Amino acid sequence: MLKENLKKVEENISKACEKAGRKRDEVTLIAVSKTKPAEMIREIYDQGIRTFGENKVQEMMEKQEILPEDIQWHMIGHLQRNKVKYLIGHVALIHSVDSLRLAEEISRLSVKNQVTTDILIEVNIAHEETKFGISAEETLALVEEAAKLSNIRIKGLMTIAPYVEDPEENREYFRKIRQLSVDIKRKNIDNVSMDVLSMGMTGDYMVAIEEGSTMVRVGTGIFGARNYNL
Ligand SMILES: *Cc1c(COP(=O)(O)O)cnc(C)c1O
């Protein structure tokens, strides 16, 4: 069943790329495996997927220990500073940096461990009170400050769009964040590439791709609904 789910998602990604006149290899599919067991991840891995997203540090570490080493793990969930120490050196990209203090801790521990850590700045594009991320207005200032820190590279922006029935409703938010990333990229700040735009989830990844997403984070569409009451 997972195999068929993945096939469908891959087809949709290709369709959206085609519609937008983009190449399929401009978009990375992150299989969001939070709450799902290692066996299910293995099934998707066996279909060729190597990029997985988790939102809890502990869960990610446990899965890393028992799954193949060539998996690229992405931290997509809210990150507490006291958990950063477990991640450094074990994560391909941290999507959820939304404060200078967090960026400073990632930098400090990256220096200590002699690695460079790639990060995205999480933007709360729709100003939702229930969501993490900084406002669009504050993003440039945070990027400029974080860019001065050692051993981190700012690769781009991430956003979690509102939950909506009709994905078209999120198009304006995707456009906004895309524009914000273009504006920041134009400033040519050292250590800031702005090549990554992490946006689009199960409900809206096709629209996100049409609006320029380079990383879609799909959980339910691949692994099925999550059960948080286990
Ligand atoms: C859970 C999660 C996803 C995946 O959500 P689905 O709707 O299941 O595709 C994507 N991004 C983040 C940050 C998440 O926490």
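Atoms within each ligand, like the ligands themselves, are counted from 1 in listed order. For clarity, every value in this text was computed on a predicted model and none was experimentally measured.
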In Å and rounded to the nearest 0.5 Å, what is the CG to CD1 distance from Leu149 to Ile106? 9.5 Å
Using salt bridge (charged side-chain N to carboxylate O under 4.0 Å, His left out) as the criterion, point out the one residue from Arg178, Arg22, Arg175, Lys19 that pairs with Glu211. Arg175
Please compare Lys34, Arg217, Met75 and report which has the shortest non-hydrogen distance to atom 14 (C) of ligand 1. Lys34
Output yes when Lys187 and Glu144 qualify as a salt bridge under the 4.0 Å nitrogen-oxygen rule, no when they do not. no
I need the atoms of ligand 1 closer than 4.0 Å to a non-hydrogen atom of [X], numbered in the order shown.
{"X": "Thr220", "result": "6 (P), 7 (O), 8 (O), 9 (O)"}
{"X": "Val218", "result": "9 (O)"}
{"X": "Gly219", "result": "4 (C), 6 (P), 8 (O), 9 (O)"}

Does atom CD of Glu18 have more than 12 heavy-atom neighbours, drawn from other residues, nucleotides or ligands, at distances under 6.0 Å? no
For [atom], grab the closest protein heavy atom and report residue, atom and distance to one decimal in Å.
{"atom": "atom 5 (O) of ligand 1", "result": "Met201 CE, 3.4 Å"}
{"atom": "atom 12 (C) of ligand 1", "result": "Ile76 CD1, 3.5 Å"}
{"atom": "atom 9 (O) of ligand 1", "result": "Thr202 OG1, 2.4 Å"}

Considering both backbone and side-chain atoms of Gly221, is one of its nitrogen or oxygen atoms within less than 3.5 Å of a nitrogen or oxygen in ligand 1? no
Tell me yes or no: between the side chains of Asn170 and Tyr163, is some donor less than 3.5 Å from an acceptor? no
Applying a strict 4.0 Å limit to heavy atoms, is His95 in contact with ligand 1? no
Going by the side chain to side chain donor-acceptor pair (under 3.5 Å) test, which pairs reach into residues 119-130, not counting sequence neighbours? Glu128-Lys131
Which word best sums up how the rings of Trp73 and Phe52 line up, parallel for under 30°, tilted for 30 to 60°, or perpendicular for over 60°? tilted
